[in-house]
Amino acid sequence: MLSPQLLVLFGSQTGTAQDVSERLGREARRRQLCCRVQALDSYPVGFWKFIFRRNLPSTSLCQMDFAVLGLGDSSYAKFNFVAKKLHRRLLQLGGSALLPVCLGDDQHELGPDATIDPWLRDLWEKVLGPHAVPLDLGVTAPAVPWPSRFTLQLLQEAPRKCSEELSVAGTDPQGPPSELQPFLAPMVTNQRVTGPSHFQDVRLIEFDISGSGISFAAGDVVLIQPENAASRVQQFCQLLGLDPDQHFMLQPQEPGVPCPERLPQPCSVRRLVSQYLDISSVPRRSFFELLACLSPHELEREKLLELSSARGQEELCEYCTRPRRTILEVLCDFPHTASAVPPAYLFDLIPPIRPRAFSIASSLLAHPERLQILVAVVQYRTRLKEPRRGLCSSWLASLDPGQGPVQVPLWVRSGGLKFPETRDTPVILVGPGTGVAPFRAAIQERVARGQIGNVLFFGCRQRDQDFYWEAEWKELQERGCLTLITAFSREQEQKVYVQHRIREQGPLVWELLERRGAHFYLAGNAKYMPAGVSDALTSIFQEEGGLSSPEAAAYLARLQRTLRFQTETWA
């Protein structure tokens, strides 16, 4: 009987879906099954658009068995929406579902693995039911390390010509800058814009993009490729016994697996650790699983096996996930194992550093050949001694163009917010805290084009600590280009947020939406504010528009469906 051909497609923003997919691929290979793991955006056709084409026959996938695994957060309104929609569509096209859709949830105390583990067990039973593994092959033991994806050859001499400069765009790049060819943008200014006593360091950073070919509009985002701190790179190399100045060459072990495109060939160990390996990320379960296989130290190996087992997930959560312990810190806790890790396995153990996206906070119409971002420097405490720090924001904050030239690899992509182009269509912008960044770009763009009806609801803690661009807003107000409504949450006994100000301005909001066709925009933290704003709007629809509760909900849904209510929120 023929063994099944498995194709695992993943769409991943944070790397979790990719990690689960690669785990599935490893488990398939242990069962001697042929399995290909591939990113959705590298699939030969535009997968999502193609699968939802209306002219596809209902028997298109009648020869295919499938299973859908979703990863989400149940605190969000559209929990695992994409996975549910895809599962339904594959059924419509005649596919046969091996299992119900798996809905992994970040909110579970053990994370998504609590759902994924039993689902994967059921999946292998379904897959192997009619395709039993031949007796002479068997299943590879979990404690045996799987082959590394690449072979790594250390070079005895440094290459004569520096290949490391070839993977960034020069001043005359071929096409617009991209992830594989970012633009090295000179940093012009890096200014703290919160008061000295404010709890958070927030930076306004400006880049010079002249000669880059970069163009953007309000609502677009810039992606920045950060680096690990030099002290962390040195610590990592010492721990693993690596010479940061040594160069190496990579060779894929499997057909169809390309070398990492962001790394030059040959490459230095320093470049690999500083710009590619995400040693500051919190390791996933698969990290402990592979590390245990590579460990020559009995006590450390036993502990690593325990942390990677299904029964050890509560302990792993307590040791690693809750306190946000990093890969580098874990390796420090297992020094005998760390010193024995073959360099080739670094690509299997440690995920690549992912670019970080920031809303662009300026318009080219107001600041030609410049790009500005507003960056909240992430720092918080857990039970660990060292504060937790955001990789990209901390790296950006550490750069000082006043001390010498600083260049940052970046590129631009379209954002989720689209603003009306007609002159007379008003906009209502709700941007508390750093959520105001994309709306500064929009206001600058609209004022430069003579577009009227700009209403901004801005919220922060205190007027004298984190009122971003106060002087700019007031100057626009005086010119009649902006209506500014503020909420300073800590300046009175009862906390006041933007949603309270929206309720107070009910007549204005209803007039703009119902009679003048305004578009409503919301950006900021996803936790409580979006729900509060939606509640404020439905109350206004009832009080000012005389709608019933169901009618108010339907009115809000219609605004969303017609893109007159758009949001950009983050956790």
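One is the number of the first residue; the rest follow in order along the sequence. Every value quoted in this text rests on a predicted model; they were computed, and no experiment measured them.
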Step by step, would you call Asp19 with Thr16 a side-chain contact (heavy atoms from CB on, under 4.5 Å)? CA-CA 5 Å; Asp19 185 70; Thr16 308; 5.6 Å; no
Which donor-acceptor pairs under 3.5 Å do the side chains of residues 45-65 make with protein atoms, sequence neighbours left out?
from  : atom 1 : to    : atom 2 : distance (Å)
Arg53 : NE     : Asn55 : OD1    : 3.3
Ser60 : OG     : Pro57 : O      : 2.6

Do Ile224 and Phe358 have side-chain heavy atoms sitting under 4.5 Å apart? yes
Under a plain distance cut-off of 3.5 Å, with no hydrogens placed, do Ser295 and Glu300 share a side-chain donor-acceptor pair? no
If we ignore angles and hydrogens, is there a donor and acceptor under 3.5 Å between the side chains of Gln92 and Arg89? yes
Pair Asp117 + Arg23, salt bridge at N-O below 4.0 Å: yes
With a 4.5 Å cut-off on side-chain heavy atoms, are Pro351 and Ile327 touching? yes
Evaluate the side-chain proximity of Ile279 to Arg232: yes if any heavy-atom separation is below 4.5 Å, no if none is. yes
So, does Glu179 use its side chain to make a donor-acceptor pair with the main chain of Gln225 at under 3.5 Å? no
Please list all pairs meeting salt bridge (charged side-chain N to carboxylate O under 4.0 Å, His left out) that have one or both residues in residues 235-244, counting only residues at least two apart or in different chains. none
Check the surroundings of atom CZ in Arg413: do more than 12 heavy atoms from other residues, nucleotides or ligands lie under 6.0 Å from it? no
Using side-chain heavy atoms (C-beta onward) and a distance below 4.5 Å, is Pro112 in contact with Val20? no
Is there a donor-acceptor contact under 3.5 Å from the side chain of Trp570 to the main chain of Gly435? no
Between Asp333 and Arg325, does any NZ, NE, NH1 or NH2 come within less than 4.0 Å of an OD or OE carboxylate oxygen? yes
Give every donor-acceptor pair under 3.5 Å between a side-chain atom in residues 383-394 and any protein atom, sequence neighbours left out.
from   : atom 1 : to     : atom 2 : distance (Å)
Arg383 : NH2    : Glu318 : O      : 2.5
Arg388 : NE     : Glu386 : O      : 3.3
Arg388 : NH1    : Arg324 : O      : 2.9
Arg388 : NH1    : Glu329 : OE1    : 2.7
Arg388 : NH1    : Glu329 : OE2    : 3.4
Arg388 : NH2    : Glu329 : OE2    : 2.9
Arg388 : NH2    : Glu386 : O      : 3.0
Ser393 : OG     : Val378 : N      : 2.9
Ser394 : OG     : Gly390 : O      : 2.8

Parallel, tilted or perpendicular: which describes the rings of His336 and His297, with under 30° parallel and over 60° perpendicular? parallel
Below 4.5 Å, heavy atoms only, C-beta onward: do Gln200 and Val377 meet side chain to side chain? no
Go through the side-chain N and O atoms of Ser286 and Glu22 and say whether any donor and acceptor fall under 3.5 Å apart. no
If you count every heavy atom of other residues, nucleotides or ligands that lies below 6.0 Å from Lys495 atom NZ, does the total exceed 12? no
